There are 2 protein chains.
Amino acid sequence: MREGPDIARIASLVGDPARANMLNALMGGTALTASELALEAGVSLPTASSHLSKLMEGGLLTVASQGRHRYYGLAGPQVAGMIEAITGVAEAVGPKRVRPGPRDGAMRIARVCYDHLAGEQAVAMLDRLVDKNILVRDDKEIRLGPSAASHFAAIGIDVYTKPRRPVCRACLDWSVRRSHLAGTLGAAILDKILAEKWARREKDSRAVIFSPPGKQAFERVFLG
Amino acid sequence: MREGPDIARIASLVGDPARANMLNALMGGTALTASELALEAGVSLPTASSHLSKLMEGGLLTVASQGRHRYYGLAGPQVAGMIEAITGVAEAVGPKRVRPGPRDGAMRIARVCYDHLAGEQAVAMLDRLVDKNILVRDDKEIRLGPSAASHFAAIGIDVYTKPRRPVCRACLDWSVRRSHLAGTLGAAILDKILAEKWARREKDSRAVIFSPPGKQAFERVFLG
DNA sequence: CGCATGGTTCGGCCTCCATCGAAGTATTCT
DNA sequence: AGAATACTTCGATGGAGGCCGAACCATGCG
């Protein structure tokens, strides 16, 4: 009976279906109100409220009160990473749904992971950026390469505007089992993709769907 | 209420304190028996057995039957990664009691594995014995070499007294991931080590701690 | 063969917690 | 101010699951 950080407490928070659905919904990165989360989780409002306060107490969520709305969001990238890790295991051991389904396919290719892009395209992008020495993998960390600032400035992304969070972080991708780019840089790139309308977000889903020209543009800029 | 991989199911497996303790114990990489895990988790053997079958069913554990022991281990690196991610969040959220303890280090170097020696020293010993052709690795089996009988007789071990069990067997060492020596010969060697007081067993632990002169003697006899 | 030991299964107890309806607080709209 | 909306708290209920002792299999030892 060894003691350590209370992993059971955290895991059991995620271990309730209603709460898991809520967290899943919040993985989209946008904060949601209590009512929306109740709907998402398929429970009544009082029940949802109870769950939300438990998640708050557990430190997994943050809340922002705006008027009579309370917007709940994930507490941070670390929490998002944990959810992704659990999802990966569930996917690997889970009873493998017979029909993959078109949405799952789209999710595999590109999806939102908290505030940045995940999926095959995101993994490919990180690979290419490391290949071109714009980013540098250092053991398990990712750092900016010498040409990073100028390269990203050229496409309208300033890598030094948000110094509070690490600029780059690796985030394990559950569908590909390899890392994609997180951190403020990852978030900025997702912003750019959506701002340029290269892709749109599937409604009520984390899937990100590129338009044909948008995909071309993305490949030219990040994979070229 | 969206559908996806059943993350709640996996998380709730980790969400029980007893199971979390077991998984934590298995994070060291060494497979453990049901009894050891029961002790580790602070529950009775039947309770532990129930937890273990749930973890098995959930795909988080693998089991290797060796004789009347069943060694449970984590199902793979992905599971370990998930535990680590959860641990990270738990540590960030709830401070924080950590004592590394000298036991883990000692366990790595030398410990009891059922009735024989395991750990780095045991792996080194088997390597050396094979090197000197006293034992012969044949595929996955280990056989006695030509000089084995005389060599072990010289140090007071008769390799032919207990014919019912295989004299030599390979046993996978979970800390080093290489084989060490099991079978009656392995057991006899551990007996000798303890009888000669070259080492003592740590109380309530599998760790085996050599005294300085004991270690010298061991190295002279088995590694020289 | 019979005994000892590691492990699992079974049955019953008991606690915990998810759930919802109803009532209570806060904020905005008119 | 009064009504409507967003959310939380309270109380009661019911079901799920953790727990252990005892009995039951399996393997190894003499």
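Chain naming here is simple, since letters A, B, ... match the order of the sequence lines and numbering starts at 1 in each. This is a predicted model, so every value here is computed, not measured.
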Please give, in whole Å, the distance from [N] [atom2] to [X] [atom1]?
X       : N      : atom1 : atom2 : answer
B:His69 : C:dT8  : NE2   : C1'   : 16 Å
A:Arg70 : D:dA6  : CZ    : P     : 15 Å
B:Leu61 : C:dT8  : CG    : P     : 11 Å
A:Leu52 : D:dC7  : CG    : C1'   : 10 Å
A:Tyr71 : D:dC7  : OH    : C1'   : 13 Å
A:Arg9  : C:dC17 : CZ    : P     : 11 Å
B:Glu36 : C:dG6  : CD    : C1'   : 11 Å
A:Met56 : D:dT9  : CE    : P     : 11 Å

Original post:
Quick one: what's the B/S/- string for nucleotides 24-30 of chain C, heavy-atom cutoff under 4.0 Å, read 5' to 3'?
Top reply: ---SS--
Original post:
What one-letter contact string describes nucleotides 13-25 of chain D from 5' to 3', where B marks a base within less than 4.0 Å of any protein heavy atom, S marks contact via sugar-phosphate atoms alone, and - marks no contact?
Top reply: -----SSBBB---
Original post:
Any chance NZ of B:Lys132 has more than 12 other-residue heavy atoms, nucleotides or ligands included, within less than 6.0 Å?
Top reply: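 Enclosed.
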Restricting to side-chain hydrogen bond (donor to acceptor under 3.5 Å, both in side chains), what partner residues turn up for [X], sequence neighbours left out?
X       : value
A:Ser50 : none
A:Arg70 : A:Ser65
A:Thr47 : A:Ser44

Subject >> side chain to side chain contact (heavy atoms under 4.5 Å, CB included) assessment of B:Asp127 paired with B:Asp131 >> reply: CA-CA 6 Å; B:Asp127 283 352; B:Asp131 236 39; over 6 Å; no
Subject >> Any residue meeting salt bridge (Lys or Arg N to Asp or Glu O under 4.0 Å) with A:Glu57, in chain and number order, not counting sequence neighbours >> reply: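 Listed in chain order: nothing, the list is empty.
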**OP:** Applying salt bridge (Lys or Arg N to Asp or Glu O under 4.0 Å), name anything that partners A:Arg201, two or more places apart in sequence or on another chain.
**Re:**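 In terms of salt bridge (Lys or Arg N to Asp or Glu O under 4.0 Å), with neighbours along the sequence ignored, A:Arg201 is linked to no residue.
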Original post:
Base, sugar-phosphate alone, or nothing: which one does A:Ser53 contact when heavy atoms must sit under 4.0 Å apart?
Top reply: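 Nothing, no nucleic acid heavy atom in range.
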Between side-chain atoms of residues 215-224 of chain B and protein atoms elsewhere (two or more places apart, or another chain), which donor-acceptor pairs fall under 3.5 Å?
none

Output all residues satisfying side chain to side chain contact (heavy atoms under 4.5 Å, CB included) with [X], sequence neighbours left out; order by chain, then residue number.
X        : result
A:Ala75  : A:Thr62, A:Val79
B:Ala199 : B:Ile193, B:Val208, B:Phe210
B:Ser35  : B:Thr33, B:Leu45

Subject >> Inter-axis angle, terminal five-pair segments of the helix from C:dC1-D:dG30 to C:dT30-D:dA1 [nearest 10°] >> reply: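 Roughly 30°, once rounded to the nearest ten degrees.
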